[in-house]
Amino acid sequence: MIARSASWKNALATAIRDPAELLALLELPKSLLDAAQQASKDFPLRVPRGFVARMRKGDIHDPLLRQVLPLREELATVAGYGHDPVGDLTAQAGDGLLHKYHGRVLLSATGACAIHCRYCFRRHFPYDAQRPARDQWQGVVDYLRAHQEVDELILSGGDPLMLDTPQLQGLSKRLAEGGQLKRLRLHSRLPIVLPERVDPPLLQWLATQPWPVVLVVHCNHPQELDQDTARALGQLHDAGVTLLNQSVLLAGVNDDSATLTKLSHRLFEQQVLPYYLHLLDKVAGAAHYDLPEQCAQAIHEQLRRQLPGYLLPRLVRELPGDAAKRPVG
Ligand SMILES: *Cc1c(COP(=O)(O)O)cnc(C)c1O
Ligand code: SF4
């Protein structure tokens, strides 16, 4: 067990952070390096080696590479793309809590991620700020006690599975004392980008929670799913976790119905149901990933014609002040 848990931390620690190394591994031209270095100053490159292994060598258009390689386009200032596109900085309830929607509250348990997705709306957040563990999550406990209508806690981030399993145990123990929660949800990209994280201690923790656990993974392209994710997701499923997926619709990555249809099929093969297909949050530095809303609707309409209803993700946009994710189309 110790060896296994050391192994996900090892996979994390050896993630690629140097653009020159990434380009060399993928046999890509050195001419991309200057832009990659410029664009990674504010939001560094980070990508686990196992994820890089799923990329095609020599292909600058590879859909996985495109999610992580810093490009010159990120440096452009584009009107309408800002630093807090979904209003999270103003919605903070304190201690990393975001309470925007009825009955569920989101806890940003850590700012850290195993991968840095270039389109992420959190790219301007203070990523390294570590959260509550110091006070044993007292602020979270107090907040829940004062808001008895909340029956679901969502662990998010950053990526909550960046916390190690003893930290997760400490948190869920505190949450269970209050007795008010009916569901625990995690939003994590780790089962996809660092499947080593799904190890026996984590599975043991998930299987022994006093409430049903929902895990929303984040996968954008069928090429992200391989035999390693199949192992991780299969074991999560066997531990009784309800598995859902959210994707972001990204120009040059997954903006066609054939890719998204294949994604839904492959997710289902790996025990995951599609949940949301998000339109891009209008964050500065990510405008080159955006698509006009009509294109998004047209793609979604094609999906609707090709997929059984249960494999069709809901196309949504998040806008500040809304009471829920807003359906598009
Ligand atoms: C997206 C989000 C949720 C979850 O919304 P669901 O529609 O239930 O998936 C909850 N809280 C916040 C702050 C969110 O941004
Ligand atoms: S929060 Fe999610 S989308 Fe953003 S960088 Fe982390 S893993 Fe990627």
Side-chain angles (χ1 to χ4, degrees), residues 12 15 40 42-48 51 64 66-70 74 84-94 96-129 143 147 150-162 182-194 197 214-221 224 242 244-250 253-254 273-281 283 285-286 289 313-328:
L12 184 66
S40 56
D42 288 343
F43 184 48
L45 169 81
R46 182 187 274 204
V47 56
F51 195 74
L64 276 51
R66 206 174 146 79
Q67 296 177 52
V68 300
L69 179 67
E74 293 179 30
D84 186 21
V86 293
D88 277 3
L89 291 176
T90 48
Q92 291 272 358
L97 287 167
L98 275 176
H99 192 179
K100 292 208 257 186
Y101 303 154
H102 180 79
R104 49 225 199 272
V105 59
L106 185 148
L107 171 62
S108 173
T110 167
C113 289
I115 188 167
H116 286 176
C117 313
R118 308 312 297 177
Y119 53 85
C120 182
F121 78 99
R122 294 178 178 276
R123 52 180 292 147
H124 302 290
F125 277 38
Y127 251 92
D128 291 328
Y143 188 85
H147 294 82
V150 173
D151 64 2
E152 175 172 345
L153 188 91
I154 303 173
L155 293 182
S156 183
D159 198 308
L161 290 182
M162 292 289 278
K182 298 207 172 73
R183 296 172 302 280
L184 182 67
R185 190 193 325 182
L186 291 97
H187 278 238
S188 174
R189 194 145 158 66
L190 263 71
I192 306 298
V193 303
L194 197 92
R197 179 66 186 92
V214 178
L215 174 55
V216 183
V217 297
H218 176 171
C219 178
N220 297 315
H221 193 283
E224 291 173 44
T242 297
L244 304 172
N245 180 62
Q246 58 178 352
S247 309
V248 183
L249 187 59
L250 299 165
V253 174
N254 60 7
L273 287 176
Y275 182 41
Y276 281 139
L277 176 60
H278 287 271
L279 294 189
L280 185 84
D281 296 319
V283 61
Y289 288 109
R314 302 163 179 83
L315 182 66
V316 292
R317 179 188 283 296
E318 184 170 345
L319 292 172
D322 273 4
K325 308 281 186 257
R326 179 180 296 214
V328 177

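What you see below is based on every heavy atom in this structure, not just the backbone, and it leaves out hydrogens, waters and symmetry mates. Just follow the structure's listing: the first ligand is 1, and inside any ligand the first atom is 1.
- Between E152 and K182 there is no salt bridge, since none of the side-chain N atoms of the basic residue sits less than 4.0 Å from a carboxylate O of the acidic one.
- The aromatic ring centroids of H147 and H99 lie less than 6.0 Å from each other.
- Shown in contact with R189 at under 4.0 Å from a heavy atom are these atoms of ligand 2, numbered in order with element: 7 (S).
- In this structure, the side chains of L98 and S108 stay at 4.5 Å or more apart for every pair of heavy atoms.
- Ranking the protein heavy atoms by distance from atom 12 (C) of ligand 1 puts L106 CD1, 3.7 Å first.
- A heavy-atom separation below 4.0 Å is found between E318 and ligand 1.
- Distances between N or O atoms of K100 and those of ligand 1 include no value under 3.5 Å.
- In H218, the part holding a heavy atom less than 4.0 Å from any atom of ligand 2 is the side chain.
- Within the coordination shell of atom 4 (Fe) of ligand 2, defined by N, O or S atoms under 2.8 Å, C113 is absent.
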Exercise. What's the verdict on side chain to side chain contact (heavy atoms under 4.5 Å, CB included) for K100 and E318, showing C-alpha distance, side-chain angles and the deciding distance?
Worked result: CA-CA 11 Å; K100 292 208 257 186; E318 184 170 345; 2.8 Å; yes
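- Nearest protein heavy-atom contact of atom 7 (O) of ligand 1 is Y276 OH, 2.6 Å.
- When only modelled atom types and interatomic distance are considered, R118 and H116 share no side-chain donor-acceptor pair under 3.5 Å.
- A heavy-atom distance below 4.5 Å is not found between the side chains of P327 and R314.
- Of all protein heavy atoms, the one lying nearest to atom 6 (P) of ligand 1 is Y275 OH, 3.4 Å.
- Inter-residue side-chain proximity for L190 and H218 is flagged as unmet; no heavy-atom pair is nearer than 4.5 Å.
- For ligand 1, the polar-atom distance check against R185 finds a nitrogen or oxygen pair separated by under 3.5 Å.
- Within the 4.5 Å cutoff, side-chain heavy atoms of L64 are placed close to those of H221.
- For atom 11 (N) of ligand 1, the closest heavy atom belonging to the protein is Y101 CD1, 3.7 Å.
- Considering K325, Q246, H187, R104 only, the shortest heavy-atom separation from atom 8 (O) of ligand 1 involves R104.
- A side-chain hydrogen bond (donor to acceptor under 3.5 Å, both in side chains) with N220 holds for exactly one of Q67, R66, H278; it is Q67.
- Here I154 has side-chain heavy atoms under 4.0 Å from ligand 1, and that is the only part of it that gets that close.
- Ligand 2 has no atom lying under 4.0 Å from any heavy atom of D159.
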